[in-house]
J.: 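Can you read through this structure? Questions will come right after.
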Amino acid sequence: MRKLREVIVVEGRYDKNTLSQVVDAVIVTVNGFSVFKDKETLALLRRLGRERGLIVLTDSDGAGFVIRNHLRSVLPKEQVKHAYIPDIYGKERRKRTAGKEGKLGVEGMKPEVLISALEKAGATFEDTGGVRCKPRQPVTKADLFALGLSGGADSAARRSGLLKHLELPEHMTANALLETINVLYDRKEFLELAAALTEHRI
């Protein structure tokens with residue numbers, strides 16, 4: 001599996017599921033047209049963009065380009081690369097009928113097509129001598145559990161307090177939080193921050 005430096009931005013969870021089987025990368029969903037009103041997700045994308053850079057990968061239909069153009073207008077140009085999938089007509093397996101324009105979306109693309117699209121966009125693949133992220137000891141699921149941020153009766157409330165303090169979207173799952181933390185912080189930095197917040201009863 002190819003390891004990617006940039007954070008990939010896709011429309012929905014099925015796109016994320018497909019890509020996660022092709023590349024080792026942080027993948028953020030904007031949930032379709034919800035992104036037009038979702039200030040929290042846009043703020044998160046700006047933060048991730050500053051750290052790693054972003055690659056926008058939407059469907060090739062009209063709706064996909066509306067979302068892409070919105071992101072183009074609200075995100076810093078220097079932080080964003082754009083990857084495009086070709087117009088391939090067909091129907092995704094999970095759907096009864098094809099989409100309005102009859103084109104396959106990101107979720108329907110073959111792995112080699114997705115890799116090609118990312119390469120053409122100028123993605124930084126870390127297995128080909130590209131610029132690597134500075135090495136960090138990652139925060140783990142065990143760390144979140146030890147901090148009471150997952151697996152406990154009040155974990156959701158604790159996580160909500162942490163997300164609010166870190167100015168991250170309030171509905172993030174524990175897995176999404178873990179991915180984001182590992183882009184924005186190293187383990188020592190995060191554990192010190194979380195411990196300080198816990199003392200103040202987040």
Side-chain angles (χ1 to χ4, degrees), residues 1-49 51-72 74-75 80-86 88 90-115 117-118 121 123 139 141 144 149-151 155-156 159-160 163 166 168-184:
M1 185 177 289
R2 307 286 298 277
K3 185 173 179 61
L4 194 65
R5 173 182 170 80
E6 291 90 353
V7 173
I8 305 178
V9 185
V10 295
E11 293 181 44
R13 62 189 178 96
Y14 292 106
D15 302 328
K16 179 175 181 176
N17 289 344
T18 295
L19 270 172
S20 65
Q21 298 173 51
V22 179
V23 292
D24 178 3
V26 175
I27 304 169
V28 177
T29 62
V30 296
N31 298 314
F33 291 137
S34 298
V35 72
F36 285 90
K37 297 181 180 179
D38 192 345
K39 294 180 180 178
E40 289 183 333
T41 295
L42 289 176
L44 172 62
L45 292 177
R46 291 187 185 102
R47 290 179 70 181
L48 294 174
E51 284 290 323
R52 296 272 192 93
L54 305 172
I55 296 179
V56 174
L57 179 59
T58 62
D59 293 350
S60 62
D61 59 7
F65 272 86
V66 169
I67 293 167
R68 181 189 295 278
N69 289 335
H70 175 67
L71 293 173
R72 192 192 301 272
V74 297
L75 295 173
V80 183
K81 298 175 182 177
H82 288 269
Y84 298 89
I85 58 172
I88 298 176
K91 177 184 73 68
E92 284 85 3
R93 291 179 184 177
R94 69 179 178 87
K95 296 180 179 178
R96 289 187 176 181
T97 58
K100 185 177 180 181
E101 296 179 29
K103 299 175 182 177
L104 289 174
V106 170
E107 68 167 291
M109 292 291 120
K110 293 181 178 179
E112 59 268 26
V113 174
L114 292 172
I115 291 293
L118 292 168
V139 179
K141 288 185 177 181
L144 296 188
L149 295 167
S150 67
S155 294
R159 200 161 58 245
S160 178
L163 290 168
L166 299 180
L168 295 173
E170 63 177 336
H171 298 297
M172 266 190 167
T173 63
N175 285 339
L177 172 62
L178 188 63
E179 278 191 337
T180 302
I181 286 169
N182 279 320
V183 172
L184 300 176

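Because the structure is predicted, anything quoted here is derived from the model rather than measured.
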J.: To the nearest 0.5 Å, tell me how far Arg68 CZ sits from Leu57 CG.
T.: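 With rounding to 0.5 Å, CZ (Arg68) is 7.0 Å from CG (Leu57).
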J.: Minimum heavy-atom separation for Ser155 to Ser150, with atom names?
T.: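 That closest heavy-atom pairing would be OG-C, 3.2 Å.
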J.: Determine, stepwise, if the pair Val7 / Arg47 fulfils side chain to side chain contact (heavy atoms under 4.5 Å, CB included).
T.: CA-CA 11 Å; Val7 173; Arg47 290 179 70 181; over 6 Å; no
J.: Tell me whether Arg46 at atom CZ has more than 12 heavy atoms from other residues, nucleotides or ligands lying less than 6.0 Å away.
T.: yes
J.: About how many Å separate CG of Leu177 and CD of Glu179, when rounded to the nearest 0.5 Å?
T.: 10.0 Å
J.: Which heavy-atom pair separates Ala83 from Ala117 by the least distance, and what is that distance?
T.: CB-O, 3.7 Å
J.: Within the structure provided, determine whether Val35 and Asn31 are in side-chain contact (heavy-atom separation under 4.5 Å).
T.: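 With C-beta onward as the side chain, the pair stays apart.
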J.: Given side chains that start at C-beta, do those of Thr180 and Leu48 come closer than 4.5 Å, heavy atoms only?
T.: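 Sidechains of Leu48 and Thr180: in contact.
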J.: Where do Ala25 and Glu6 come nearest, in terms of heavy atoms and distance?
T.: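 Minimum heavy-atom contact is CB-O, 4.2 Å.
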J.: Is the number of heavy atoms from other residues, nucleotides or ligands under 6.0 Å of Lys110 NZ greater than 12?
T.: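 No - once you tally the heavy atoms of other residues, nucleotides and ligands closer than 6.0 Å, there are 12 at most.
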J.: If we only count heavy atoms from C-beta on, is the Leu184 to Leu168 side-chain gap below 4.5 Å?
T.: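 Result yes, sub-4.5 Å side-chain heavy-atom pair found.
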J.: Would a 4.5 Å heavy-atom cut-off, applied to side chains only, mark Asp15 and Asp59 as touching?
T.: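 The answer is yes, as the side chains (C-beta and beyond) meet within the 4.5 Å cut-off.
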J.: Can you tell me how far apart OG1 (Thr58) and NE2 (His82) are? Round to the nearest 0.5 Å.
T.: 9.0 Å
J.: What's the separation between atom CD1 in Ile85 and atom CG in Leu118, rounded to the nearest 0.5 Å?
T.: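 These two atoms lie 11.0 Å from each other.
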J.: Of all heavy-atom pairs between Lys141 and Asn175, which one has the smallest distance, and what is that distance?
T.: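 Reported closest heavy-atom pair: CE-OD1, 3.2 Å.
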J.: Does some side-chain heavy atom of Met109 sit less than 4.5 Å from a side-chain heavy atom of Thr18?
T.: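 Side chain of Thr18 against side chain of Met109, heavy atoms only: no contact under 4.5 Å found.
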J.: Hey, are Asp38 and Thr41 close enough side-chain-wise for a donor-acceptor pair under 3.5 Å?
T.: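 A pair is found: one side chain offers a donor N or O, the other an acceptor, under 3.5 Å apart.
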J.: How far apart are the closest heavy atoms of Leu45 and Leu71, and which atoms are they?
T.: CD1-CD2, 4.2 Å
J.: Between CE of Met1 and CD1 of Ile115, what distance do you get to the nearest 0.5 Å?
T.: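 Between atom CE of Met1 and atom CD1 of Ile115 there are 9.0 Å.
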J.: Please round to the nearest 0.5 Å and tell me the distance separating atom OG1 of Thr29 and atom CG of Asn17.
T.: 10.0 Å
J.: Thinking salt bridges, do Arg94 and Glu92 make one under a 4.0 Å N-O criterion?
T.: no
J.: Looking at Arg2 and Val23, would you say the former's side chain and the latter's main chain have a donor-acceptor pair under 3.5 Å?
T.: no
J.: Over all heavy atoms of both residues, which pair between Ala123 and Leu4 is shortest? Give the atoms and the distance, please.
T.: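 Shortest heavy-atom contact: CB-CD1, 3.4 Å.
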